[in-house]
S.K.: 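This structure is in structure tokens; I'll ask about it shortly.
As the structure lists them, so they are numbered: ligands from 1, and atoms in each ligand from 1.
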Amino acid sequence: MRKLLKNIGKVATPVSKKGLYHVEVIENAGIALKDEKIEYIDSMKDINVSDFEDVYDCRGMLATPGLIDCHTHPVFAATREDEFHLRNTGVSYAEIAAKGGGIKSSVRKLREAPLLKLIEALRKRFDEFITLGTTTIEAKSGYGLSLEHETRQLEAIKALRGHPLEVSPTFLGAHEIPDEYRDNRDEYIRIVIEEMIPAIAKEKLAESCDIFIEKNVYTIKDARKIMDAAKKAGLNIRMHVDQLSAGGGAELAAEVGAVSAEHLDYVSDKGIKRMVEKRVVFDLLPGAVFFLGHNVYPPARKIIKKGGIIALATDFNPGSSMTRSLPLMMTLGCIYMGMNADEVMCAITLNAAKSLKRDNVIGSLEPGKQADIVLWDAPGHEYIPYHYGENWVNAVFKKGELVFSKI
Ligand code: NIG
Ligand code: FE
């Protein structure tokens, strides 16, 4: 089936062979689709509209690739606005966590929730991602912390495989130490390595394995062991590192061949150098810095200068970043991290696809790529981070199918 998206005001897209932060703009264009893929992009004056069976009039709108959110925690059973309120009365995120709130409160609620309830909540969250222009996400477990409950989270993701939102699932059994193993953390790590990773890999419930390296959570030594097991099981490696303090996590990510290291607010110069050398994606999460009221953002300018691949993601979760908006991450990237419109655009499309090892399929509008396309009521991609806090998405195509439209 051949379809044409005609009368596009501007196509703005990264181009695979033109560098990490280049956005190509084509004016008055059309995009020809063949089945799920892009066949070609051309100027409207060179396209014969009558060649197509199905024609969609874009009425001068902006077209970009479908956005890619390469770090989310969307499978939770309850929101945590009570903690947000407490934080606004002066209690810190760390104090709330120390009193059994934070990740632990999400774990308690998750364990009580039946699979069907998780699936229904997740379906609504997936719908909302699409309306915000996101067509692919990475989705982590990590609120179960036992084989049964981590599996339940990943099963909820699997149950939604027919949803237009494409998902790359990640096993995050090492997100916290569960309360029942506080005094015997080595035993929990053994269970993660010997029981959880093999079972999850065997059932193909995850593509990647993640860990939270931080004081009082997991150490570099724990991470080496867990990531070694994950690699042996055929999982990609991603890691939460250097979020609240510098801990050598970026250096480790390079050493173990991670696809990405995530957060990196306190990344060291040595860590940047190692990650650049090994082409590990810098998966930066300004939403978490902003929402926790912190003021140390990851050093994007330094990373770009050294040639690092930056992706921006929402970190969508009920505690530290309750948003699905990648356009908002673009704004935060511009304001607090000194990035420009081209850089933030590439960071939520092609560079994010690299962190999911999908950059040969998605992340840019180029012939042969999957037809994941967002139409925006905006004159150019520079407008998206500029007119912030509002949704300018007009229509979304996933694999060539219209999956959301405002009209
Ligand atoms: O990425 N850093 C660790 N985990 C999450 C927070 C999860 C939560 O508060 O529920 C994060 O920010
Ligand atoms: Fe996270």
S.K.: Got the closest protein heavy atom to atom 4 (N) of ligand 1, with its distance?
M.R.: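 Of every protein heavy atom, H175 NE2, 2.8 Å lies nearest to atom 4 (N) of ligand 1.
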S.K.: Under 2.8 Å from the Fe ion (ligand 2), which protein N, O or S atoms do you find? Ignore water molecules.
M.R.: H71 NE2, H73 NE2, H240 NE2, D315 OD1
S.K.: Atom OG of S141 and atom CD1 of I200: how far apart are they, to the nearest 0.5 Å?
M.R.: 6.0 Å
S.K.: Using a distance-only test with no angle check, is there a side-chain donor-acceptor pair under 3.5 angstrom linking S245 and E214?
M.R.: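 Short answer, yes.
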S.K.: Give me the nearest non-hydrogen protein atom to atom 2 (N) of ligand 1 as residue plus atom name, then the distance to 0.1 Å.
M.R.: Q243 OE1, 2.7 Å
S.K.: Would you mind checking which non-hydrogen protein atom is closest to atom 12 (O) of ligand 1, with the distance to 0.1 Å?
M.R.: S320 OG, 2.6 Å
S.K.: Any idea which protein heavy atom is nearest atom 6 (C) of ligand 1, and the distance to it?
M.R.: Y93 OH, 3.3 Å
S.K.: List in chain and number order the residues that pass side chain to side chain contact (heavy atoms under 4.5 Å, CB included) with E390, two or more places apart in sequence or in another chain; answer none if no residue qualifies.
M.R.: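 Scan of E390 (side chain to side chain contact (heavy atoms under 4.5 Å, CB included), adjacent residues dropped) gives H387, W392.
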S.K.: Is E214 close enough to touch ligand 1? Criterion: a residue heavy atom under 4.0 Å from a ligand atom.
M.R.: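 The answer is no: ligand 1 sits nowhere under 4.0 Å from a heavy atom of E214.
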S.K.: In this structure, is the centre-to-centre distance between the rings of F290 and Y297 below 6.0 Å?
M.R.: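 Centroid distance Y297-F290: not below 6.0 Å, so no.
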S.K.: Less than 3.5 Å apart, any donor N or O on the side chain of R238 or S355 sitting next to an acceptor on the other?
M.R.: yes
S.K.: With heavy atoms of H240 as the reference, note each atom of ligand 1 found under 4.0 Å away.
M.R.: 1 (O), 2 (N), 3 (C)
S.K.: Students should be able to answer this: which protein heavy-atom is nearest to atom 11 (C) of ligand 1, and at what distance?
M.R.: D315 OD2, 3.2 Å
S.K.: Quick one: does any side-chain atom of R161 pair with a main-chain N or O of A159 as donor and acceptor, under 3.5 Å?
M.R.: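 Checked: no pair found.
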S.K.: If you draw the axis of the six-membered ring of F126, does the NZ or CZ of R324 fall within 45° of it and under 6.0 Å from the ring centre?
M.R.: no
S.K.: Counting the benzene-type ring for Trp, do Y383 and Y388 have ring centres under 6.0 Å apart?
M.R.: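 Not under 6.0 Å, so no.
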S.K.: Look at the aromatic rings of Y218 and Y188 and report parallel, tilted or perpendicular, splitting at 30° and 60°.
M.R.: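 Correct class here is tilted.
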S.K.: To which protein heavy atom is atom 7 (C) of ligand 1 closest, and what is the distance rounded to 0.1 Å?
M.R.: Y143 OH, 3.4 Å
S.K.: Pull out every atom of ligand 1 sitting under 4.0 Å from any heavy atom of H73, numbered as shown with elements.
M.R.: 1 (O), 5 (C), 11 (C)
S.K.: Which atoms of ligand 1 are found less than 4.0 Å from any heavy atom of R80?
M.R.: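 Every atom of ligand 1 under 4.0 Å from some heavy atom of R80: 8 (C), 9 (O), 10 (O).
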S.K.: Can you see whether F291 has R87 sitting over its ring - NZ or CZ less than 6.0 Å from the centre and within 45° of the normal?
M.R.: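 Positive - R87 is close enough to the ring of F291 and near enough to its axis.
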S.K.: Return the OG1 to CZ distance between T135 and F129, rounded to the nearest 0.5 Å.
M.R.: 11.5 Å
